[in-house]
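In what follows, a structure is listed as structure tokens, so that the remarks can point back to it.
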There are 2 protein chains.
Amino acid sequence: MLGRVIEARHLRVLRAVATTGSFSAAARELGCTQPAVSQQMKALEASAGTPLIVRAGRGMRLTQAGEALVRHAAGILAGLTAAEEEVAAIAGLRAGRVRLVSFPSGSSTLVPTALAALRAEHPGTQVSLEEAEPPRSVEMLRAGDCDVALAFRYGGAAGSAESQEWDDLVVRPLLSDRLVGLVPQGHRLASAESVGIGELAEEPWIAGCPRCRGQLVQVCAEAGFTPRIDFATDDYPAVVGLVGAGLGVAVLPRLAVEAVRGRGVREVRVEPAVRREVVALTLTDLEQVPAVAATLRQLERAAAARV
Amino acid sequence: MLGRVIEARHLRVLRAVATTGSFSAAARELGCTQPAVSQQMKALEASAGTPLIVRAGRGMRLTQAGEALVRHAAGILAGLTAAEEEVAAIAGLRAGRVRLVSFPSGSSTLVPTALAALRAEHPGTQVSLEEAEPPRSVEMLRAGDCDVALAFRYGGAAGSAESQEWDDLVVRPLLSDRLVGLVPQGHRLASAESVGIGELAEEPWIAGCPRCRGQLVQVCAEAGFTPRIDFATDDYPAVVGLVGAGLGVAVLPRLAVEAVRGRGVREVRVEPAVRREVVALTLTDLEQVPAVAATLRQLERAAAARV
DNA sequence: TCAGCCCATAAGTGAGGCTTGTACCGGAAA
DNA sequence: TTTCCGGTACAAGCCTCACTTATGGGCTGA
């Protein structure tokens, strides 16, 4: 048997034949030759098991089976073009949804810039934003709960463990975020241009998120002391507020400080320079999704514009 | 470019992948090998212009485009199977309509037998019956107003013209219908076994339909006389009634006489034997239509059973 | 009767779908 | 950890099938 099942191609040919009333005209409409139409119709009749058209001198008529098939073809082909259009809209960035997860200081700095540019370039795209710190955000990425994760990692030994976890992901480096020191206005180091970390050994500390705190402890250990951490909170405005209130000093990523208009605090450069690398993460397959690719591109542009 | 447009085959594969959650399981469900599924999915993603699935360790997830396509695929494939089933019903004689046109004496003899058998064999088929004499019924057949025409033709010189008109049609001979003479009871020839047509030369005649009348005149001319036709009507019961009332004699096809229970008339065999050939006509293409073929078959069986 | 249009058929070609075979990667069990 | 198993990707070969060109026949209208 030739044609086992009915394919969309057959229905397109049949519809063209039914509307034009001739094989040749259908061929012209379909952009192929007349024998092609002839063969398709023969194959379709073979799989139908009954003639679909009757030649009636000039022109042709549909049989009952032909009429039934044409009637169904209308809906089927309409559904098919609707499906193609919806997919094309997603592929062409006239539609498409991206679920973005970012760590807090990223979502208030890089993300707004990137999303504004994305919206301007592709108004049809929709982006949902959620906040989560790196370990959790990567979990969400793997679980399929988001498409892009804005995360960060610290260089050196501590980062290697994370890098290993990410080697099956797409890692797009965005920028290198230097840590800056925060001291209260009026502090003895408030007007210093650069401060060695060891000079803060005896100060009370306000620590940030757990990972940042770990990083802080490690850096201080390398400098030969253990920081006395009086307060620790995920809330960066709170950190800045605590420093401003004179309750201690802090070391925060540049991005986090920038996101908070701190009053009563001074930024000082801390030596040795410690940087965290801010990256965008996504799954290998998702990198090819147009909306995801566009989001990554805009995140990179937003990061580049920050230099 | 590989896959230009989306075909039903692609959607079947995608649906199987989406429901089973793996290429291998989809291949088993579809009755093909796993690389076949792999290739189809790759082709589909190529024509979609965006990934449709993301591999997520154990199993896989659909992307937004994939979800859209699967959502549409449900309706499209449902419509396709509905179309296939409807066509299969027609092809398998579980459905199907035949428009039958018959001359009057055929519709009351052969047709009921044939249609009863058809109904018994294929209860799903629907037959519509209309009455029309041969010239008109063939017109209807050519115009697409009916599918099968029950007609008749006279042999000899008169029939050749009709045969020429029918040589592009499918002609199924059903039976040869001998013409019989009708005389009133008590007529001088009422008890004759066989009557030469010439013996009726002086009788008043009741003629039937126009074509039968033409045939009558021709036969009489060959016998050397011109019949005096007092009445002519398409209505065979009327002809029989008129003969029964003693208003004349008539020559009618056997089928027509059989259809009418005549009172007060006697049948006599007329010599020379004149026969009309009863045939079923259809279009070449329609002969392959199952419902038409079944109708023709039952008409032939009904005619054969009449011997 | 001739010209034009349309359809069917045949043969050749090319694309692409399917298969087998193999390698790679992951997770689960020993 | 090693080993095994289920799953996928990749490559090569085959074969089906869809399209092409070329040709013949049939019907219509001039």
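Convention: sequence-line order gives letters A, B, ...; per-chain numbering from 1.
Spacing between atom CG of L169(A) and atom P of dG26(C) amounts to 12 Å, rounded to whole angstrom units. Rounding to whole angstrom units, CZ of residue R9(B) and P of dT16(D) are separated by 17 Å. The CE-P distance, from M41(A) to dC17(D), rounds to 19 Å in whole Å. Summarising the geometry, the separation between CD on Q40(A) and P on dT9(C) is reported as 15 Å, rounded to the nearest angstrom. When rounded to the nearest whole Å, the span between CD of E7(A) and C1' of dC17(D) equals 12 Å. Computed from coordinates, the E45(B) CD to dT8(D) P distance equals 13 Å when rounded to whole Å. L283(A) places its CG atom 14 Å from the P atom of dG26(C), with the value rounded to the nearest Å. Between the CZ atom of R142(B) and the C1' atom of dT28(D) there is a distance of 15 Å, rounded to whole Å.
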Distances under 3.5 Å between protein N/O atoms and the N/O atoms of nucleotides 9-11 of chain D, please, pair by pair.
from: dA9(D); atom 1: OP1; to: R55(B); atom 2: NE; distance (Å): 3.1
from: dA9(D); atom 1: OP1; to: R55(B); atom 2: NH2; distance (Å): 2.5
from: dA9(D); atom 1: OP2; to: S38(B); atom 2: OG; distance (Å): 2.5
from: dA9(D); atom 1: N7; to: Q34(B); atom 2: NE2; distance (Å): 3.3
from: dC10(D); atom 1: OP2; to: K42(B); atom 2: NZ; distance (Å): 3.2

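Remark: F103(A) engages F152(A) in a ring pair (Phe, Tyr, Trp, His ring centres under 6.0 Å) (not counting sequence neighbours).
Residue T33(A) is classed as a base contact, given a heavy-atom separation below 4.0 Å to a base.
The shortest side-chain heavy-atom distance between R99(B) and E130(B) does not fall under the 4.5 Å cut-off. L286(A) places none of its side-chain heavy atoms less than 4.5 Å from the side chain of V170(A).
From one end of the helix from dT1(C)-dA30(D) to dC25(C)-dG6(D) to the other, with five pairs defining each end axis, the axis direction shifts by 30° (rounded to 10°).
Looking only at distances, no side-chain donor or acceptor of S137(B) sits under 3.5 Å from a matching main-chain atom of V101(B). Of the possible polar contacts, none joining the E45(A) side chain to the P51(A) backbone as a donor-acceptor pair under 3.5 Å is found.
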> Can you check salt bridge (Lys or Arg N to Asp or Glu O under 4.0 Å) on R12(B) and E29(B), steps first, answer last?
Replying inline: CA-CA 10 Å; R12(B) 287 185 239 272; E29(B) 183 175 308; over 6 Å; no
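Salt bridge present: E139(B) and R136(B) bring a charged side-chain N and a carboxylate O closer than 4.0 Å. A salt bridge is defined here as a Lys NZ or Arg NE, NH1 or NH2 lying under 4.0 Å from an Asp or Glu carboxylate O, and R61(A) with E67(A) fails to meet this definition.
Checking dG17(C), dC19(D), dT19(C) against the side-chain heavy atoms of A36(A) singles out dC19(D) as nearest. With dA18(D), dT19(C), dG7(D) as the choices, the nucleotide that has an atom nearest any side-chain atom of R28(B) turns out to be dG7(D). Out of dC19(D), dC6(C), dT8(D), the shortest distance to the side chain of M60(B) is found at dT8(D).
For CZ of R301(B), the number of neighbouring non-hydrogen atoms (other residues, nucleotides, ligands) closer than 6.0 Å is 12 at most.
Regarding contacts with the backbone of dG6(D), every side-chain N or O of S22(B) stays at 4.0 angstrom or more from both OP1 and OP2.
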